[in-house]
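The structure under discussion appears below in the form of structure tokens.
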There are 2 protein chains.
Amino acid sequence: MQTLETIGQLVRRLRKEQGLPLRKIAAKLDLDPSTLSKIERGDRFPSKELVNRMAQAFDIDERELLILYHSEKIANDLYREDYCVEVLEVAEQRIDYIRQKNIVQKKLF
Amino acid sequence: MQTLETIGQLVRRLRKEQGLPLRKIAAKLDLDPSTLSKIERGDRFPSKELVNRMAQAFDIDERELLILYHSEKIANDLYREDYCVEVLEVAEQRIDYIRQKNIVQKKLF
DNA sequence: ATTTTGTGGGCAAAATATGTCCAAATTTTT
DNA sequence: AAAAATTTGGACATATTTTGCCCACAAAAT
């Protein structure tokens, strides 16, 4: 996994490594070529379902791709705000807290 | 700011500290009381516009509230996934990268 | 008993997400 | 240079989600 590629960049790279035209991969993904083009260029964001299909089509670990997917979404939402580092920290605390709560509930159950 | 309150919990706490009924704050926020009830209880997520209005209505730092808002949204999306810590790390790297890119562009400009 | 306060459910409108279609632009091949 | 292949741009439609209201009812307070 190249450093900080977007999903689109990754897909284009893998596609080119396979020497296949966009239309062929689009067909494999059951997607219109025009849409794939937009996704590769970053003009559109892929759906989660499509990201899963991409993992299969390219035989990549789904988990890795979902990490890219989610992180890209967050970064796109936040990069303009001057408080984004704080947001990420608080988000992490919240997740820990929710997780903790669930563990406690499981124990009581 | 209490540790890891949700926005809804914060609003309810502040409202009760003011000793006002839900309907009164809802009116101040230009919002239906039923909707505010749902937000306070965590059954609905507030819009960003509403979060800004809340900051004004309660005279809180808007930035603080937006940090809560964003972090809560992220946590809600991610807490179920077993890779959420990685996502947050990668998101931070992406944001740094985007920021770096913008700085470089500014320099060249 | 009455009034006040908070909640549940259903709904509609607005906003956003998602993908297709088709033509045009660009690139590659002949 | 021309033809074929590939990629892209734009408009559009549909699906989904977001957002808040309305209204009746439940719960709490008076």
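Note on naming: letters A, B, ... go to the chains in the order of the sequence lines (proteins, then strands), and numbering restarts at 1 for each one. All figures in this text were calculated on a predicted structure; none of them were measured in a lab.
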Separation of [N] [atom2] from [X] [atom1] (nearest whole Å):
X       : N      : atom1 : atom2 : result
A/Arg12 : D/dT8  : CZ    : P     : 4 Å
A/Leu20 : D/dA5  : CG    : P     : 16 Å
A/Phe45 : C/dA15 : CZ    : C1'   : 18 Å
A/Met54 : C/dG19 : CE    : C1'   : 13 Å
B/Glu49 : D/dT18 : CD    : P     : 14 Å

Exercise. What string of B, S and - do you get for nucleotides 23-30 of chain C, 5' to 3', if B is base contact, S is sugar-phosphate-only contact and - is no contact with any protein heavy atom under 4.0 Å?
Worked result: --------
For [X], what residues pass the side chain to side chain donor-acceptor pair (under 3.5 Å) criterion, not counting sequence neighbours?
X       : value
B/Arg15 : B/Glu40
A/Ser37 : A/Arg41
B/Glu17 : B/Arg13

Problem set entry | DNA chain C contacts made by residues 29-44 of chain B, counting heavy atoms under 4.0 Å |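 Within residues 29-44 of chain B, the residues near DNA chain C are B/Pro33, B/Ser34, B/Ser37, B/Lys38, B/Arg41, B/Asp43.
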What ring pair (Phe, Tyr, Trp, His ring centres under 6.0 Å) pairs are there with at least one residue in [range], not counting sequence neighbours?
range                     : value
residues 12-37 of chain B : none
residues 17-37 of chain A : none
residues 9-39 of chain B  : none

Exercise. Quick one: side-chain contact (heavy atoms from CB on, under 4.5 Å) partners of B/Lys48, sequence neighbours excluded?
Worked result: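 Partners of B/Lys48 by the side-chain contact (heavy atoms from CB on, under 4.5 Å) criterion, ordered by chain and then number, come out as A/Glu81, B/Leu66, B/Tyr69, B/His70.
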Exercise. Partners of B/Arg63 by side-chain contact (heavy atoms from CB on, under 4.5 Å), sequence neighbours excluded?
Worked result: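 side-chain contact (heavy atoms from CB on, under 4.5 Å) check on B/Arg63 returns A/Asp82, A/Tyr83, A/Glu86, B/Asp61, B/Ile67.
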Exercise. Which residue pairs satisfy the salt bridge (charged side-chain N to carboxylate O under 4.0 Å, His left out) criterion with at least one member in residues 68-77 of chain A, sequence neighbours excluded?
Worked result: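 Sorted result for residues 68-77 of chain A: empty, none.
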Problem set entry | Nucleotide nearest A/Leu50 (side chain, heavy atoms from C-beta), chosen from C/dG6, C/dG19, D/dG20 |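 So the side chain of A/Leu50 is nearest to C/dG19.
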For this session: Choose from C/dT7, D/dT19, D/dT7 the nucleotide whose nearest atom is closest to any side-chain atom of A/Leu22.
Result: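 Given the options C/dT7, D/dT19, D/dT7, the side chain of A/Leu22 is closest to D/dT7.
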Exercise. Does any residue of residues 72-80 of chain B have a heavy atom under 4.0 Å from DNA chain D, and if so, which ones, in number order?
Worked result: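 Nothing qualifies; none.
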Problem set entry | Reported CE-to-CG distance for the pair B/Met54 and B/Leu10, which is rounded to 0.5 angstrom |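 If we round to the nearest 0.5 Å, B/Met54:CE and B/Leu10:CG are 9.0 Å apart.
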Problem set entry | Test item: A/Arg53 side-chain N/O and A/Leu31 main-chain N/O as donor-acceptor pair under 3.5 Å |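 Absent.
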